[in-house]
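Here's the structure we're looking at; comments come further down.
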Amino acid sequence: MLTIHADSRGNALVVKGAWIADAGQLTDLVAAHPRARVRKWPGILTPGLINIHGNELLEEAYHPDPREADELGTEPLVGDALAALAMDDARWGASARRAVQRMLAHGTVRAACGSLTNRAVRDAVHRSGLAVMGRLGRPGGTPSLDPYDAEWPVMFAEPRERHSAARFAVFDVRDETELAERGAGTCVATVADGRLVYRRR
C-alpha cells in the first residue's frame, strides 16, 4: 500500500514499504497515485536529523524509566550519577530503547557512533529502526537528545528522493529558521524504514 506524507508547504513523499516511491508536490503525487493513503502533517517535511553523539547517549548515559522519575529524575544520568547505578545487560538494553525512542521523538533518523561495544545496547539499537552511521573520533559539543542543544553544527540526513530509504521527520514549524530557533522538540512525526515510529499525541 502506498502512503503519501505531506507537509504544510505542499511538499510530499510517497512511501512504499521501506522506500520512497516518489517525491514532489502533493497535488502532483495525488494525481499520479490516486489510490494512495494521504497523511497531512503540520509544519515542514525534512530528511530527519543526525545525532552526532550516538555513543555518548546510548552507551555512556542511563535514561531513567518514567517509573524511576521520583528517585532518578527524567534527564539522562552520566558520570558519577551513572557510576552509582547497578547496571546489568537488561538495564542497559532498556535504557537504550528509551534513548532511541527519545531520539526518534526529536526527529533523529540516524545516530553517529564509533563501535557500539555494549551488546545489550547494540541489540536494542539494531531492533529499533534508528539507523547508525560511523564517525571518526569523539565529537565536541554537549551530548543532547535535541541536536540543536548540542553546541555542535546540526546535521540532516541526505535529501529524500525516489528510490531512497523511507527515513524522514516532520517538525511543526513554519520553516527551517523557526526550527533552528525552537529546536527538535517540535517534531510531530518520524518515519524509519517506511514505518511511523514516532507520532506526537
Side-chain angles (χ1 to χ4, degrees), residues 43 46 48-135 137-157 167-173 179-193 195-201:
T46 76
L49 293 163
I50 296 172
N51 195 310
I52 195 69
H53 294 106
N55 291 89
E56 291 77 10
L57 291 169
L58 294 166
E59 291 190 315
E60 300 175 17
Y62 177 71
H63 298 261
D65 187 294
R67 294 169 294 184
E68 300 174 307
D70 289 343
E71 177 186 359
L72 301 179
T74 59
E75 294 300 310
L77 302 180
V78 299
D80 291 342
L82 173 61
L85 299 177
M87 298 296 294
D88 56 17
D89 285 350
R91 205 170 192 187
W92 272 118
S95 172
R97 288 190 293 274
R98 289 188 291 271
V100 167
Q101 283 303 312
R102 292 165 185 172
M103 293 168 92
L104 294 170
H106 285 84
T108 293
V109 298
R110 194 178 295 273
C113 301
S115 296
L116 291 173
T117 58
N118 185 311
R119 180 176 178 179
V121 170
R122 187 169 62 246
D123 289 348
V125 172
H126 287 170
R127 295 186 184 117
S128 70
L130 179 71
V132 174
M133 61 183 287
R135 73 181 194 193
R138 192 176 182 92
T142 303
S144 174
L145 293 167
D146 185 342
Y148 285 97
D149 291 337
E151 301 176 353
W152 192 259
V154 173
M155 299 170 59
F156 281 89
R167 295 179 182 275
F168 53 89
V170 187
F171 298 90
D172 188 9
V173 293
L179 175 56
E181 293 171 352
R182 295 178 57 195
T186 56
C187 181
V188 293
T190 304
V191 172
D193 294 332
R195 297 180 294 115
L196 186 62
V197 292
Y198 170 74
R199 179 177 184 175
R200 189 170 73 189
R201 297 177 179 178

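We number each residue from 1, following the sequence as shown.
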Residue list, salt bridge (Lys or Arg N to Asp or Glu O under 4.0 Å) with [X], at least two apart or on another chain:
| X | answer |
| --- | --- |
| R138 | E56, E60 |
| R195 | none |
| R182 | E178 |
| D89 | none |

At their closest point, which heavy atom of [X] faces which heavy atom of [Y], and how far apart are they?
| X | Y | result |
| --- | --- | --- |
| G54 | A111 | CA-CB, 4.2 Å |
| N51 | H53 | OD1-N, 3.0 Å |
| T46 | F171 | OG1-CE1, 3.4 Å |
| R200 | D172 | NH2-OD2, 3.4 Å |
| R98 | Y62 | NH2-OH, 3.1 Å |

For residues 113-123, please give each side-chain donor-acceptor pair under 3.5 Å, one per line with the distance, not counting sequence neighbours.
{"residue": "N118", "atom": "OD1", "partner": "A120", "partner atom": "N", "Å": "3.0"}
{"residue": "N118", "atom": "OD1", "partner": "V121", "partner atom": "N", "Å": "3.2"}
{"residue": "R122", "atom": "NH1", "partner": "L116", "partner atom": "O", "Å": "2.8"}

With rounding to the nearest 0.5 angstrom, report the [atom1] to [atom2] distance, [X] to [Y].
| X | Y | atom1 | atom2 | value |
| --- | --- | --- | --- | --- |
| I52 | S144 | CD1 | OG | 13.5 Å |
| L104 | L49 | CG | CG | 11.5 Å |
| D65 | R97 | CG | CZ | 10.5 Å |

**Prompt:** Going through the checks in order, is the side-chain contact (heavy atoms from CB on, under 4.5 Å) test met by M103 and Y198?
**Reply:** CA-CA 10 Å; M103 293 168 92; Y198 170 74; over 6 Å; no

**Prompt:** Which residue pairs pass the salt bridge (Lys or Arg N to Asp or Glu O under 4.0 Å) test with at least one member in residues 100-117, sequence neighbours excluded?
**Reply:**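 Residue pairs passing salt bridge (Lys or Arg N to Asp or Glu O under 4.0 Å), neighbours aside: R110-E158.
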
**Request:** Check side-chain contact (heavy atoms from CB on, under 4.5 Å) between A192 and all other residues, then give those that pass, not counting sequence neighbours.
**Result:**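 If we apply the side-chain contact (heavy atoms from CB on, under 4.5 Å) test to A192, skipping adjacent residues, the hits are R167, V197.
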
**Asked** Under the side-chain contact (heavy atoms from CB on, under 4.5 Å) test, which residues partner V170, sequence neighbours left out?
**Response**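 So V170 forms a side-chain contact (heavy atoms from CB on, under 4.5 Å) with W41, L45, V188, A189.
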
**Message:** Looking at T190 and A169, would you say the former's side chain and the latter's main chain have a donor-acceptor pair under 3.5 Å?
**Reply:**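 Pair absent, no side-chain N/O of T190 close to backbone of A169.
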
**Prompt:** Quick check: does any side chain N or O of S95 sit under 3.5 Å from a backbone N or O of H63, one acting as donor and the other as acceptor?
**Reply:**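 Pair found, side chain donor or acceptor close to backbone of H63.
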
**Message:** Assess the residue pair L58 and V100 against the criterion (side-chain contact (heavy atoms from CB on, under 4.5 Å)); give the C-alpha distance rounded to whole Å, side-chain angles, the decisive distance to 0.1 Å, and a yes or no.
**Reply:** CA-CA 8 Å; L58 294 166; V100 167; 4.1 Å; yes

Side-chain donor-acceptor pairs under 3.5 Å in residues 125-133, sequence neighbours left out?
{"residue": "S128", "atom": "OG", "partner": "V125", "partner atom": "O", "Å": "2.6"}
{"residue": "S128", "atom": "OG", "partner": "L130", "partner atom": "N", "Å": "3.0"}

Return a table of donor-acceptor pairs under 3.5 angstrom between the side chains of residues 76-88 and protein atoms on other chains or two or more places apart.
{"residue": "D88", "atom": "OD1", "partner": "A90", "partner atom": "N", "Å": "3.3"}
{"residue": "D88", "atom": "OD1", "partner": "R91", "partner atom": "N", "Å": "2.9"}

**Prompt:** For T142, what residues pass the side-chain hydrogen bond (donor to acceptor under 3.5 Å, both in side chains) criterion, not counting sequence neighbours?
**Reply:**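 Scan of T142 (side-chain hydrogen bond (donor to acceptor under 3.5 Å, both in side chains), adjacent residues dropped) gives E151.
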
